[in-house]
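All remarks here apply to the structure that follows.
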Amino acid sequence: MKRIDLIAYGEPRDVARCVDVPDVGAPQAGEAVFEVLASPINPADLIFARGAYALRPPLPATPGAECVGRVIAVGAGVSNLVPGDLVVTMQRDNWVQKRRLAAEDLIPLPAGIDIRQAAMLRVNPATANLMLRDFVDLAPGDWVAQNVANSGVGRMLIAQARERGLRTVNIVRRQELVDELGALGADICLVDGPDLPARVSAATAGAAIRLSIDAVGGAATARMSAIAANGGTVCLYGSMSGEEPVIFRGELVYRGVNFVGFMLGRALAQRSRTEVLALYAEIAAKVHAGLLHVPVERVYPIEEIGAALVHAERTRPGGKILIAPNGMV
């Protein structure tokens, strides 16, 4: 059985190895075994490989925050899964050909769902969904702003906000993305820059932006806080710049802006299993119906992990890079 191991923490392309390891074996009571069909390379996986993520397990360590798999065997007492079911797992370490996990850690998916899209179902759609729910009680017609709007999370947020009747201001780094995001349902799309707050105010006719979402950090956080209305909320969920967020005390003290952070694992841990299952049933149905979709630029076999990581770190990828551990999907 093949698995990706990190032999050290460092540049992903230099430290990831495809290795042979023993098979996971037959499932025990309450367990299921599934073969991993596809797993995306997410920014969090790259941060994990560099040793800069919140989790830093002993080496060797296996990346892979999410995947889609097909159940091949179940143990005694498992009633919610049968061989052939498509599943996503709530566990990490998914750049591997097979996994054996507790059945309660697996979430069944609709038959016939697009495999490539299902591989990206657990992290980005749920992140967008919960950021729109957890911090501000948004009503139809309210405005939400986000940067890195062309990312997986950004695209998921545009679609789910539009479905709820919310309006979005979407900040990108390149002009050529404006029309593309407009076709997805973005109400306003602007290129980032020092004068961003003034341009957002002009584009929205001074509308109050109650939720401003930042995935960049550094000076971008200051711009996203300036966009937020008095008493609004700035939510930080990423740091593409690698810099600590900058937010001025005047925003917090004089304008009453709230500054919060979001991490999917923490948000899910605060919910019951019933709530988590309901969340992912909702998301899976939307993915299955084609309402949530992220472009995929290329799929690599697991043996070509080095090339896959190099591709994923290109400045301007045209879509997600996936790994297919058990043959191309």
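For the residue pair Gln146 / Asn170, a side-chain donor-acceptor distance below 3.5 Å is found, with atom types taken as modelled. Asn150 and Glu180 are not linked by any side-chain donor-acceptor pair at a separation below 3.5 angstrom, with hydrogens and angles left out of the test.
Between atom CG of residue Asn42 and atom CD1 of residue Ile321 there is a gap of 11.5 Å, rounded to the nearest 0.5 Å. Between the CZ atom in Arg3 and the CD1 atom in Ile302 there is a gap of 10.0 Å [rounded to 0.5 Å]. Annotation: the span from Glu35 atom CD to Met1 atom CE amounts to 12.0 Å, rounded to 0.5 Å. Annotation: the span from Leu292 atom CG to Arg155 atom CZ amounts to 12.5 Å, rounded to 0.5 Å. Here the OG atom belonging to Ser39 is positioned 10.5 Å from the CE atom belonging to Met120, to the nearest 0.5 angstrom. Interatomic distance, Asn147 CG to Leu190 CG, rounded to the nearest 0.5 Å: 12.0 Å.
Within the 4.5 Å cutoff, no side-chain heavy atoms of Pro325 are placed close to those of Lys2. The shortest distance between side-chain heavy atoms of Pro125 and Lys286 does not fall below 4.5 Å. In this structure the side chain of Asn258 never reaches within 4.5 angstrom of the side chain of Phe135, judged on heavy atoms. Using a 4.5 Å cut-off on side-chain heavy atoms (C-beta onward), Leu130 and Leu264 make contact. Taking 4.5 Å as the limit, some side-chain heavy atom of Phe34 sits within range of a side-chain heavy atom of Thr89. Tyr300 has its side chain out of reach of Ile41: every pair of non-hydrogen atoms, C-beta onward, lies at least 4.5 Å apart. With contacts defined as side-chain heavy-atom distances shorter than 4.5 Å, the pair His293/Asp114 does not qualify. Side-chain atoms of Met156 and Val294, non-hydrogen and from C-beta on, do get closer than 4.5 Å to each other.
Counting all heavy atoms, side chain and backbone alike, Val24 lies closest to Arg100 at O-NE, 2.9 Å. Residues Leu211 and Cys235 share a closest heavy-atom pair of CD1-CB, 4.3 Å. What you find for Gly185 and Thr168 is that their closest heavy atoms are O-OG1, 4.4 Å. Pairing each heavy atom of Pro57 with each of Tyr9, the nearest pair is O-OH, 2.6 Å. Shown here for Arg99 and Val36, the closest heavy-atom pair between the two residues is CG-CG2, 4.0 Å. Glu251 and Ser225 get closest at one heavy-atom pair: OE1-O, 3.2 Å.
Hydrophobic cluster membership is shared by Met90 and Val68, with clusters built from Ile, Leu, Val, Met, Phe, Trp and Tyr side chains linked at under 4.5 angstrom. Hydrophobic clustering places Val136 together with Val144 (ILVMFWY residues linked when any side-chain heavy atoms are closer than 4.5 Å, directly or through intermediates). A continuous path of ILVMFWY side-chain contacts below 4.5 Å connects Val287 to Val276, so both sit in one hydrophobic cluster. Following chains of ILVMFWY side-chain contacts shorter than 4.5 Å, one can reach Ile283 starting from Val88, so the two form part of one hydrophobic cluster. Under a hydrophobic-cluster definition in which Ile, Leu, Val, Met, Phe, Trp and Tyr are linked whenever side-chain heavy atoms come within less than 4.5 Å, directly or via other members, Leu177 and Ile158 are assigned to the same cluster.
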### Task
Tell me, with the steps shown, if Leu121 and Glu66 meet side chain to side chain contact (heavy atoms under 4.5 Å, CB included).
CA-CA 8 Å; Leu121 185 152; Glu66 60 182 334; 5.5 Å; no
### Task
Before giving the answer on side chain to side chain contact (heavy atoms under 4.5 Å, CB included), spell out for Asp192 and Val172 the whole-Å C-alpha distance, their side-chain angles and the decisive distance to 0.1 Å.
CA-CA 6 Å; Asp192 204 352; Val172 295; over 6 Å; no
### Task
Could you walk me through whether Ile209 and Val200 pass the side chain to side chain contact (heavy atoms under 4.5 Å, CB included) test, one step at a time?
CA-CA 10 Å; Ile209 295 177; Val200 169; 3.5 Å; yes
#### Entry: Candidate pair Leu46 and Leu309, rule side chain to side chain contact (heavy atoms under 4.5 Å, CB included), full reasoning
CA-CA 8 Å; Leu46 302 173; Leu309 289 166; 3.8 Å; yes
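Enclosure of atom CZ in Arg162 is not indicated, since only 12 or fewer non-hydrogen atoms of other residues, nucleotides or ligands lie within 6.0 angstrom. Dense packing is recorded around CG of Asp195, with more than 12 heavy atoms of other residues, nucleotides or ligands lying under 6.0 Å away.
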Donor-acceptor list for residues 265-272 side chains, cut-off 3.5 Å, not counting sequence neighbours:
unit_1 : atom_1 : unit_2 : atom_2 : d
Arg266 : NH2    : Gly261 : O      : 3.0
Arg271 : NH1    : Asp134 : OD2    : 3.3
Arg271 : NH1    : Ala267 : O      : 3.1
Arg271 : NH2    : Asp134 : OD1    : 2.6
Arg271 : NH2    : Asp134 : OD2    : 3.4
Ser272 : OG     : Glu275 : N      : 3.1
Ser272 : OG     : Glu275 : OE1    : 3.4

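With respect to Arg70 and Asp85, no salt bridge is recorded, no charged nitrogen being found less than 4.0 Å from a carboxylate O. Using a 4.0 Å cut-off between a side-chain N of Lys or Arg and a carboxylate O of Asp or Glu, Glu297 and Lys320 do not qualify as a salt bridge.
The side-chain contact (heavy atoms from CB on, under 4.5 Å) with Ile115 is formed by just one residue from the set Leu109, Leu37, Leu322; it is Leu37. Among Arg167, Arg210, Arg164, the one residue that satisfies the salt bridge (charged side-chain N to carboxylate O under 4.0 Å, His left out) test with Asp142 is Arg210.
Counting side-chain heavy-atom gaps under 4.5 Å among Ile, Leu, Val, Met, Phe, Trp and Tyr, the cluster of Val234 also holds Leu236, Ile247, Leu252, Val257, Phe259.
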